Amino acid sequence: LWYFMIAGAQPFAAPTIREIKRRHANAHPAPLAARVKGLPFGYDAVFIKLTFKEPLLRYRSAAALLEDLDRLENGDVPLAERELRKTRSK
């Protein structure tokens, strides 16, 4: 739902429900920034953290998610973005 609210499109489009399920299980959606010009990377980082296939990598609580959303709203860098940049630089 969050992806749709920001991007105006579903994260996975396919002609059948079966194909949507397959893509959901095996693929990553297009980055939000690819669909919304000028969108800060922090929104992608939060979405990625929300949708990690491995549950232990997701937000541990709704409070942690809310803290990152507050950071985005205040123009700060969310922790999800810092974590992603750190893991990608390794």
Side-chain angles (χ1 to χ4, degrees):
L1 183 61
W2 196 56
Y3 190 96
F4 183 82
M5 289 171 49
I6 294 173
Q10 297 293 336
F12 299 104
T16 65
I17 296 295
R18 184 177 187 178
E19 181 62 17
I20 291 171
K21 287 180 178 181
R22 188 192 68 73
R23 290 180 187 184
H24 188 274
N26 299 307
H28 299 285
L32 287 165
R35 295 184 180 256
V36 182
K37 186 177 179 179
L39 188 72
F41 177 68
Y43 287 87
D44 271 317
V46 169
F47 180 76
I48 290 167
K49 186 164 179 137
L50 280 168
T51 58
F52 269 126
K53 304 299 183 199
E54 174 58 48
L56 293 175
L57 297 176
R58 297 180 199 147
Y59 285 99
R60 301 284 179 164
S61 67
L65 169 60
L66 185 57
E67 288 174 8
D68 259 2
L69 293 176
D70 285 341
R71 287 183 186 94
L72 281 171
E73 184 177 14
N74 294 325
D76 297 328
V77 175
L79 292 179
E81 181 176 344
R82 293 178 195 162
E83 293 167 1
L84 277 176
R85 290 189 187 281
K86 188 160 77 169
T87 58
R88 288 182 176 177
S89 67
K90 289 182 180 180

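In this text the structure is predicted, and so the values were computed from the model without any measurement.
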*asked:* What I'd like to find out is whether the side chain of Arg23 reaches to under 4.5 Å of the side chain of Glu19, using heavy atoms alone.
replied: yes
*Is the closest basic N to carboxylate O distance between Glu83 and Lys86 below 4.0 Å?*
no
*Is the side chain of Asn74 donor-acceptor paired with the backbone N or O of Asp70 at a distance under 3.5 Å, no angle test?*
yes
*Of all the heavy-atom pairs spanning Lys49 and Ala80, show the shortest one and how long it is.*
CD-CB, 3.9 Å
_Heavy-atom side-chain proximity of Arg71 to Val77 below 4.5 angstrom_ = no
*Search all heavy atoms of Ala33 against all heavy atoms of Leu39 and return the closest pair with its distance.*
CB-O, 4.0 Å
_Shortest non-hydrogen separation from Ile6 to Val36 and the atoms involved_ = O-CG2, 3.4 Å
*Check: Phe41 and Leu84 side chains under 4.5 Å, non-hydrogen atoms*: yes
*Any chance you could measure Leu32, atom CG, to Ile48, atom CD1, to the nearest 0.5 Å?*
8.5 Å
*Tell me, do Tyr3 and Arg35 make a side-chain contact under 4.5 Å, heavy atoms counted?*
yes
*Asp68 side chain near Tyr59 side chain, heavy-atom distance below 4.5 Å*: yes
*Got Phe47 and Pro29 here, is their nearest side-chain heavy-atom distance under 4.5 Å?*
yes
*asked:* Under 4.5 Å between side-chain heavy atoms, counting indirect links through other Ile/Leu/Val/Met/Phe/Trp/Tyr residues: same cluster for Val46 and Phe52 or not?
replied: no
_For Lys53, is the NZ atom crowded, meaning more than 12 foreign heavy atoms sit under 6.0 Å from it?_
yes
*Going only through I, L, V, M, F, W and Y residues with side-chain contacts under 4.5 Å, is there a path from Leu50 to Leu69?*
yes
_Point-to-point distance, once rounded to the nearest 0.5 Å, from OG1 of Thr51 to NE2 of His24_ = 7.5 Å
_From Ile20 atom CD1 to Ile17 atom CD1, the distance as rounded to the nearest 0.5 Å_ = 4.5 Å
